[in-house]
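Note that the numbering runs from 1 along the sequence shown for the chain.
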Amino acid sequence: MHPAGLGAAGTPRQPSKRRIPVSQLGMTDPHQLFDDTSSAQSRGYGAQRGPSGLGYPTASASPQAAFLADPVSNMAMAYGSSLAAQGKELVDKNIDRFIPVTKLKYYFAVDTLYVGKKLGLLFFPYLHQDWEVQYQQDTPVAPRFDVNAPDLYIPAMAFITYVLVAGLALGTQDRFSPDLLGLQASSALAWLTVEVLAILLSLYLVTVNTDLTTIDLVAFLGYKYVGMIGGVLMGLLFGKVGYYLVLGWSCVSIFVFMIRTLRLKILAEAAAEGVPVRGARNQLRMYLTMAVAAAQPLLMYWLTFHLVR
């Protein structure tokens with residue numbers, strides 16, 4: 001038998017075996033049969049446990065992989081953000097080209113007090129004296145600060161309400177159908193479009209220099225739906241008599257309202273000077289104002305007479 005530390009010739013030296021204390025194995029009980037592998041690191045496993053607490057080891061990322069992953073993700077996020085910003089800018093630019101969103105915000109700057117005063121002005125324009133639109137630094141003030149300023153809130157809500165009231169009237173007469181209601185709404189919208197185009201063409205032919213915009217025309221022409229709603233509702237409650245009384249009052253009121261409002265827009269020069277309208281061109285302007293105002297009662301009757309029987 002060879003001494004320890006010396007091996008036989010041609011025989012590799014075997015490593016010596018030594019006992020490992022129980023405390024080094026993390027075994028608190030010397031009689032424990034199995035090692036506790038629930039710790040962060042166990043014998044023979046160098047991987048860390050997953051944050052889920054299931055006991056499965058997670059693959060640790062190398063520093064090279066982390067270095068390559070972070071720049072790529074940051075570049076992707078930066079590229080996506082710049083692409084989204086460019087797309088938003090392009091959409092906003094194209095929308096403003098066809099639909100002046102910034103201008104539309106002005107026409108919807110209303111409050112409850114303005115709506116109440118405007119509705120009273122539409123039904124009782126005879127009591128109103130000052131029809132001048134207020135300006136602040138060459139810019140008209142918001143509608144909520146000036147009852148004479150045009151808005152799109154009342155015309156839009158009145159148009160929707162008119163369609164709903166028309167459906168109610170058709171339903172009470174057992175004539176309701178989605179097609180007929182759609183025809184009613186499209187007819188009202190088509191007549192409004194024809195009105196706007198006809199007035200713009202007339203202003204071009206008469207060569208009127210005015211600050212009256214297309215949106216202003218839509219607002220002024222849309223106020224007639226308020227009187228139409230009142231006429232149809234009174235017709236449903238009190239029959240033909242109530243319909244003609246309320247619609248007649250609304251027609252006269254909208255005629256006066258349009259005359260006094262458009263007079264300052266189309267006849268701005270003569271109204272500012274306070275002199276009688278003279279000359280052929282001014283006569284044409286006056287006739288145009290009268291024609292626009294007179295068309296409102298006719299359309300109010302045309303779009304509502306068949307809803308009351």
message = Keeping K265 on the side-chain end and T213 on the backbone end, is there a donor-acceptor pair under 3.5 Å?
response = no
ask   = What heavy-atom pair brings L121 and V147 nearest, and what distance separates the two atoms?
value = CD2-O, 4.1 Å
task = Please round to the nearest 0.5 Å and tell me the distance separating atom CD1 of I199 and atom CG of L217.
result = 5.0 Å
query = Is there a donor-acceptor pair under 3.5 Å between the side chain of W131 and the backbone N or O of N148?
reply = no
remark   = Nearest heavy-atom contact between M300 and S250 is CE-CB, 3.8 Å
query = NZ of K240: more than 12 outside heavy atoms within 6.0 angstrom?
reply = yes
request  = State yes or no: do I160 and V110 share one hydrophobic cluster built from I, L, V, M, F, W and Y residues joined by side-chain heavy-atom distances below 4.5 Å, directly or via other members?
outcome  = yes
inquiry  = I'd like to check M234 versus L245 (side-chain heavy atoms, cut-off strictly below 4.5 Å). Are they in contact?
reply    = no
query = Do Y114 and Y153 come within less than 4.5 Å of each other through their side chains, counting heavy atoms only?
reply = no
query = Do the side chains of P143 and Y106 get nearer than 4.5 Å, heavy atoms only?
reply = yes
ask   = Any chain of hydrophobic side-chain contacts (each under 4.5 Å) joining L298 to F305?
value = no
task = For Y225 and A158, work out which heavy atoms get closest and say how close.
result = CB-CB, 3.7 Å
inquiry  = Classify the ring geometry of Y301 against Y243: parallel below 30°, tilted from 30° to 60°, perpendicular beyond 60°.
reply    = tilted
task = Taking Q184 for its side chain and V163 for its backbone only, find out whether a donor-acceptor pair lies under 3.5 Å.
result = no
4.5 Å side-chain heavy-atom contact, E195 and L299 = yes
message = Is it the case that atom OH in Y204 sees more than 12 heavy atoms from other parts of the structure closer than 6.0 Å?
response = no
ask   = Got a second to check how far D146's CG is from K117's NZ, nearest 0.5 Å?
value = 10.0 Å
query = So, H128 side chain and D130 main chain: donor-acceptor pair closer than 3.5 Å or not?
reply = yes
request  = Decide yes or no for M258 and F220: does some side-chain heavy atom of the first lie under 4.5 Å from some side-chain heavy atom of the second?
outcome  = yes
inquiry  = Taking L212 as the starting point, is it possible to reach V194 by hopping between hydrophobic residues whose side chains are less than 4.5 Å apart?
reply    = no
ask   = If you round to the nearest 0.5 Å, how far is OG of S202 from OH of Y287?
value = 15.0 Å
query = For A142, does its backbone N or O pair with a side-chain atom of Q134 as donor and acceptor, under 3.5 Å?
reply = no
inquiry  = Please report whether the ring centroid of W249 lies less than 6.0 Å from that of Y126.
reply    = yes
key: L119 side chain reached by I154 side chain, heavy atoms, under 4.5 Å   = yes
query = So which heavy atom on A293 is nearest to which on P297, and how close?
reply = O-CD, 3.1 Å
ask   = Between L189 and F159, is any pair of side-chain heavy atoms under 4.5 Å apart?
value = yes
Exam field: side chain K224 to backbone L221, donor-acceptor pair closer than 3.5 Å = yes
message = Take a 6.0 Å sphere around OH of Y107 and say whether it holds more than 12 heavy atoms from other residues, nucleotides or ligands.
response = yes
query = Judged by atom type as modelled, is there a donor-acceptor pair below 3.5 Å linking the side chain of R175 to the main-chain atoms of L180?
reply = no
key: Value rounded to 0.5 Å, distance of CG in L168 from OG1 in T161   = 12.0 Å
inquiry  = Using every non-hydrogen atom in the two residues, find where L303 and M228 come nearest and quote the distance to one decimal.
reply    = CB-CE, 3.6 Å
query = Mind checking whether T304 and Y162 have side chains closer than 4.5 Å, heavy atoms only?
reply = yes
Chi angles and distances behind the side chain to side chain contact (heavy atoms under 4.5 Å, CB included) call for Y223, K118 = CA-CA 10 Å; Y223 287 136; K118 195 72 171 186; 3.3 Å; yes
task = Kindly give the heavy-atom pair with the smallest separation between P140 and V133, and that separation in Å.
result = CB-CG1, 4.2 Å
